[in-house]
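Encoded as structure tokens, the structure appears first; notes follow it.
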Amino acid sequence: MFQYFTGSIIVTILGVAAAYLWGEHVHCGTGLTCVFIAMVLAILEISLSFDNAVVNAMKLEGMSQKWRHRFITWGILIAVFGMRFLFPLLVVSIFARLNILTVLDMALNNVNQYAHYLELTHAPIVTFGGAFLLMLFMDYFTEKDKEVHWLKPIETRLQKLHSFKGVCTLTTLLALGIILNILPVQIRLSVLMSGISGIVTYLAIDGLAEWLEKRQEARMKECADAVKCSGLVGFLYLELIDASFSLDGVLGAFALSRDIIIITIGLFIGAMFVRSLTIMLVEKKTLDQFLYLEHGAHWAIGTLALLMFASTMVEIPEVVTGLLGLIFILSALVSSIIHNRKNRV
């Protein structure tokens, strides 16, 4: 097991050193405080991302070893510097109509003003993630050929909805319409555009992946190219899922620290451990051993999507999101163990 987490341990050591040095650089004597905050953020990131790891593992099983490696290397750079550092800067830059270098300077030297701007963009940011994840949830449980069900009374009814064309999109639009009627008028347009963007992004990535699968089956002589493209699309798909999961975590991190460098270090450590866990789940074929783990992860995703929508109206503590997700994962794990024991008998 240790071999899967070697890179994560190295990143943790480097991250702790960087947090200490940055703390001492900003204000002498705060190095250990910065290390403590970074580690708390890392633990929160890990605890909130178990469902993310399971879903990632499910997608990675169909990818080559090369793309799995890229998920750890390229993916961690996109996840940390893209979503947890650059993305918030871009969002503030767009909504506040400021130069991104001005926003970067603000994040480093005027953290209260930066946090204020980021708070103003909270609703459209989480709406994008909520729409994307709700589409993922609905798509999984309305799959026509699905044979395994965990919560049978609910899941079998959800599966029957597959006969209604566009049910995933219609359900997400309905949820979006409900929150739009409650939100203040001045932010409705930005929230609507973000929600539609989340839906369109999911449909585009999912449609492209499906087209590539059909092309691969139909043209065996182009198999190598198809696999290469399929790996790329799968990689992008995973990054978008990870991005959607991380949106509320990035925003919630400001409750613990206003220092964007410490936040990035803490989330970097957490994200690296989540990726190591994902690779371990794939290579040890954990999902094959525990039948209902995927289901639990997708129920956690659906819950997270609804909580993201709800957070546009009321503040929802990170601990609530994390605990609900963990409950679904652990419940599915226990159900899988019970199922395995019954089969052995």
Side-chain angles (χ1 to χ4, degrees), residues 48-49 51-52 55-56 58-59 78-79 82-84 87-88 90-91 94-95 118-143 158 161-162 164-210 233-234 236-252 297-316 318 320-321 324-325 328:
L48 291 171
S49 300
D51 45 1
N52 190 7
V55 174
N56 285 347
M58 185 179 70
K59 301 297 179 184
I78 295 171
M83 283 309 303
R84 292 158 175 83
F87 179 75
L90 283 172
V91 169
I94 291 168
F95 280 88
L118 198 57
E119 188 176 336
L120 293 178
T121 63
H122 174 88
I125 290 174
V126 295
T127 301
F128 176 91
F132 187 92
L133 291 178
L134 189 56
M135 290 287 291
L136 177 62
F137 167 83
M138 289 299 298
D139 199 22
Y140 179 78
F141 285 110
T142 58
E143 185 182 335
L158 282 173
L161 294 175
H162 75 83
F164 298 96
K165 193 163 185 173
V167 64
C168 301
T169 303
L170 289 173
T171 303
T172 307
L173 285 173
L174 177 61
L176 185 58
I178 291 172
I179 65 167
L180 284 173
N181 283 326
I182 303 173
L183 290 174
V185 176
Q186 59 268 27
I187 65 170
R188 286 181 183 176
L189 180 60
S190 60
V191 168
L192 175 63
M193 296 306 295
S194 294
I196 291 175
S197 297
I199 293 171
V200 171
T201 301
Y202 181 85
L203 290 173
I205 293 292
D206 189 59
L208 182 58
E210 186 177 343
V233 173
L236 294 174
Y237 191 48
L238 283 173
E239 291 306 315
L240 280 169
I241 292 174
D242 179 75
S244 299
F245 270 101
S246 70
L247 291 177
D248 60 336
V250 171
L251 295 169
H298 280 86
W299 277 110
I301 286 171
T303 303
L304 176 58
L306 294 179
L307 288 176
M308 288 176 114
F309 280 142
S311 72
T312 61
M313 299 169 281
V314 294
E315 185 176 347
I316 298 176
E318 291 287 291
V320 173
T321 306
L324 287 175
F328 277 114

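All of these numbers come straight from a predicted model, not from anything done at the bench. Here, residue 1 is the first one in the sequence, and each next residue gets the next number.
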Using side chain to side chain contact (heavy atoms under 4.5 Å, CB included) as the criterion, point out the one residue from T121, T312, I316, L307 that pairs with V126.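 Testing V126 for a side chain to side chain contact (heavy atoms under 4.5 Å, CB included) against T121, T312, I316, L307 leaves exactly one candidate, T312.
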
Value rounded to 0.5 Å, distance of [atom1] in [X] from [atom2] in [Y]:
| X | Y | atom1 | atom2 | result |
| --- | --- | --- | --- | --- |
| T201 | I196 | OG1 | CD1 | 11.5 Å |
| L176 | L183 | CG | CG | 9.0 Å |
| F328 | L304 | CZ | CG | 11.5 Å |
| I179 | M308 | CD1 | CE | 11.5 Å |

E315, CD: over 12 other non-hydrogen atoms inside 6.0 angstrom: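 Check fails, neighbour count at 12 or below.
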
Taking CE in M313 as the centre, count heavy atoms belonging to other residues, nucleotides or ligands within less than 6.0 Å. Is the count above 12?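 Yes, the 6.0 Å shell around CE holds more than 12 heavy atoms from other groups.
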
Which heavy atom of [X] sits nearest a heavy atom of [Y], and at what distance?
| X | Y | answer |
| --- | --- | --- |
| G325 | A300 | CA-CB, 3.8 Å |
| G130 | A305 | O-CB, 3.5 Å |
| A123 | V191 | CB-CG2, 3.8 Å |

Got a list of side-chain donor-acceptor pairs under 3.5 Å for residues 131-142, not counting sequence neighbours?
unit_1: D139; atom_1: OD2; unit_2: Y202; atom_2: OH; d: 2.7
unit_1: Y140; atom_1: OH; unit_2: K146; atom_2: NZ; d: 3.1
unit_1: Y140; atom_1: OH; unit_2: E294; atom_2: OE1; d: 3.2
unit_1: T142; atom_1: OG1; unit_2: M138; atom_2: O; d: 2.6

Would you be so kind as to tabulate the donor-acceptor pairs closer than 3.5 Å made by side chains of residues 165-175, with sequence neighbours excluded?
unit_1: T171; atom_1: OG1; unit_2: V167; atom_2: O; d: 2.7
unit_1: T172; atom_1: OG1; unit_2: C168; atom_2: O; d: 2.9

Can you confirm whether H122 sits close enough to I125 that some side-chain heavy atom of one is under 4.5 Å from a side-chain heavy atom of the other?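 A side-chain contact under 4.5 Å is absent here.
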
For residues P184 and I187, determine if any side-chain heavy atom of one lies less than 4.5 Å from a side-chain heavy atom of the other.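 Sidechains of I187 and P184: in contact.
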
